[in-house]
Amino acid sequence: MPEGPELHLASLFVNRMCEGLVFTGAVEKSEVNKNPEVPFCCDAYVIKAQSRGKEVILTLTPFKNDGDSKRKVGKHQSQHPMDVVFRFGMSGFFRFTSDDDIPKHAHLRFYTNESPRRVLSFEDTRRFGSWQANGTWQKDRGPCVMFEYESFRENVLSNLSDKAFDKPICETLLNQKYFNGIGNYLRAEILFRLQIPPFVKARTVLEGIELKNENKKEIKKTTDTAGKKGVTVETPDLLSLCHTVPLEVVKLGENGYTPAKAEYSVLQAWMQCYSVDGMNSLSDHNGRTIWFKGDPGPMVPKGAKSRKIKWKIQKDHDYTDSKKAKKTHTESIAIEKPAKKKDNIKVKKESATSKAQGGSKRQKKDTKRVKTEPADENTKSKKQGKRSSKVPPRTGTNKIKGQHVEEVIKTKRNSVTSKESATKAKPQRRSSGTRRGRSR
DNA sequence: CGTCCACGTCTAC
DNA sequence: TAGACCTGGACGG
């Protein structure tokens, strides 16, 4: 889940879980992970987190016992605070567990000084994540779209001559030099809100914004604590949505959505476009799937189209009937030269007429298979067998659909159980989103 | 069992 | 602009 909102939620999680706790000893790294060791060791230290775009910094600060300076300065005791910067890759997140419950892919671990000690772990299944001790916010990453909005906006609008804006808007949105925090699902959701074709040149889209906003005020934060209908906001532009849309996800988190707890279903229920049945999708020039509705725009990668809308129905909690025969749906969408100007473009989904011409171009995959496998050693003797991918039948509450979601979210705003439950979220795909435009 | 796909960078022809 | 880097879930045969 790691896009800007998840990174921020991760920092909130760390601060909440570690508040008042004292950590001790060395920071442990798993053997398999190739990231550098974190040379920090201290009898007593505290942990604080902060985020910026798609990075999180953990600050480890030696804790001095007030009153008498009882703390003996050990051999290699760290005396000064250390910042460790994290990037989450495709699967990183923080988790706080008991010592006996350290997850399989916990690659960096911080231990509390409690009796049965507990552990803050950086978990990262795919190991694309990275960290750097004594690190700083990565140079070349722009201001955070969520919490440095003014400078983010300035950074984009004052650099439109950069060739980064020669690309299709959907690709430029992933450029962290200008859109620090935006990732694959956010770009789809943002463009969808304004119905901007993903393959329109970025500069074209942004130049318009610059003009329109010359004298306008920014969008007011919707600070709706009671869901008022106030919302008297002028039409948001693309840059303001790069700010507000991620903040909507942060809000989901404040109301219960916890990336680390696999409550991905809440996020999925929020998504209006990304991976949603009925939407179109194509591979961009970098091989990343862009989801959108309607016209793809003129700069579509030639040759390869790509489509494939598949949706899985939740397996568990079924209605026993086996009529859910329709499992996967794959439809081809022929991109018929959108260069036709506006001609017709009926939106409402292409009719998948003839198949795409030739184009058997093998799409770039995630890589080849290299037969090697160090396999994460289970640091520490792990007893627990697998949790079985079985998902407890659930008491039907997990419907999550339409406004029911609103209730679920509101309802579970209370505690956040420190124990990490082992139940995995069931994969699920909305069968039909029939509820659009329920804006707040 | 094999193929495809995944919320992201990195760096090397 | 291709790979590389990884694990694992869904799906197809």
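Labels below follow one simple rule: chain letters A, B, ... track the order of the sequence lines, proteins then strands, and each chain is numbered from 1.
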Between N or O atoms, less than 3.5 Å apart, protein on one side and nucleotides 11-13 of chain B on the other: list the pairs.
none

Between dT7(C) and dT11(B) - C1' atom distance, rounded Å:
22 Å

So does Arg193(A) pair up with Glu248(A), basic N to acidic O under 4.0 Å?
yes

To the nearest 0.5 angstrom, please state how far the OH atom of Tyr185(A) sits from the OG atom of Ser275(A).
13.0 Å

Can you tell me the distance, in whole Å, between the CG atom of Asn184(A) and the C1' atom of dC5(B)?
12 Å

Phosphate oxygens OP1/OP2 of dT9(B): is one of them under 4.0 Å from a side-chain N or O of Gln176(A)?
yes

To the nearest 0.5 Å, atom NE2 of His80(A) lies from atom CG of Leu60(A) at 14.0 Å

Between Asp99(A) and Arg117(A), does any side-chain N to carboxylate O distance fall below 4.0 Å?
yes

Short side-chain N/O contact to dC5(C) OP1/OP2 from Arg126(A), under 4.0 Å:
no

Asn35(A) CG to dG8(B) P, in whole Å, measures 17 Å

Measure from CG on Asn286(A) to C1' on dC5(B) and round the result to the nearest Å.
17 Å

Report the residue from Val156(A), Leu157(A), Asn155(A) that forms a side-chain contact (heavy atoms from CB on, under 4.5 Å) with Arg153(A).
Leu157(A)

Regarding Glu28(A) and Tyr111(A), is there a side-chain donor-to-acceptor distance under 3.5 Å anywhere?
yes

Per-pair stack call Phe128(A) and dT9(B), 5.5 Å, 30°:
no

ring-ring contact (aromatic ring centres under 6.0 Å, His included) partner of Phe122(A), the single match among Phe96(A), Phe110(A), Phe88(A)
Phe88(A)

Rounded to whole Å, please give me the gap between CD in Glu171(A) and C1' in dA2(C).
14 Å

Take atom CE of Met90(A) and atom P of dA6(B), then tell me their distance rounded to the nearest Å.
8 Å

Ignoring backbone atoms, establish whether Arg87(A) has a side-chain N or O less than 4.0 Å from OP1 or OP2 of dC10(B).
yes

Presence of salt bridge, Glu148(A) and Arg52(A), under 4.0 angstrom
yes

What is the distance from NE2 of His107(A) to C1' of dC5(C), rounded to the nearest Å?
13 Å

Please list every stem that involves DNA chain B, where a stem is a run of 3 or more consecutive Watson-Crick or G-U wobble pairs with both pairing distances under 3.5 Å.
B:1-6 with C:7-12, B:8-12 with C:1-5

Round to the nearest Å and state the distance from Lys177(A) atom NZ to dC10(B) atom C1'.
16 Å

Value for CG (Asn184(A)) from CH2 (Trp291(A)), rounded to nearest 0.5 Å, stands at 10.0 Å

Can Phe88(A) be classed as stacking with the base of dG8(B), given a centroid separation cut-off of 5.5 Å and a plane angle cut-off of 30°?
no

Ser130(A) vs dC10(B): side-chain N/O to OP1/OP2 distance below 4.0 Å
yes

Hydrogens and angles aside, do Ser130(A) and Asn35(A) bring a side-chain donor and acceptor to less than 3.5 Å of each other?
no

NZ of Lys104(A) versus P of dG9(C): gap in Å, rounded?
9 Å

What residues in residues 132-145 of chain A put a non-hydrogen atom under 4.0 Å from any atom of DNA chain B?
Gln138(A), Arg141(A)

When you measure from the side-chain N and O atoms of Thr289(A) to the phosphate of dA6(B), is any distance below 4.0 Å, counting only OP1 and OP2?
yes

dT9(B) and dG9(C): how far apart are their P atoms, nearest whole angstrom?
24 Å

Salt bridge check: are Asp124(A) and Arg95(A) linked by an N-O gap of less than 4.0 Å?
no

Mind checking whether Phe23(A) and Tyr45(A) have parallel, tilted or perpendicular rings, split at 30° and 60°?
tilted

is_close_aromatic(Phe179(A), Phe152(A)), centroid dist under 6.0 Å:
yes

Is the distance from OP1 or OP2 of dG8(C) to the nearest side-chain N or O of His105(A) less than 4.0 Å?
yes

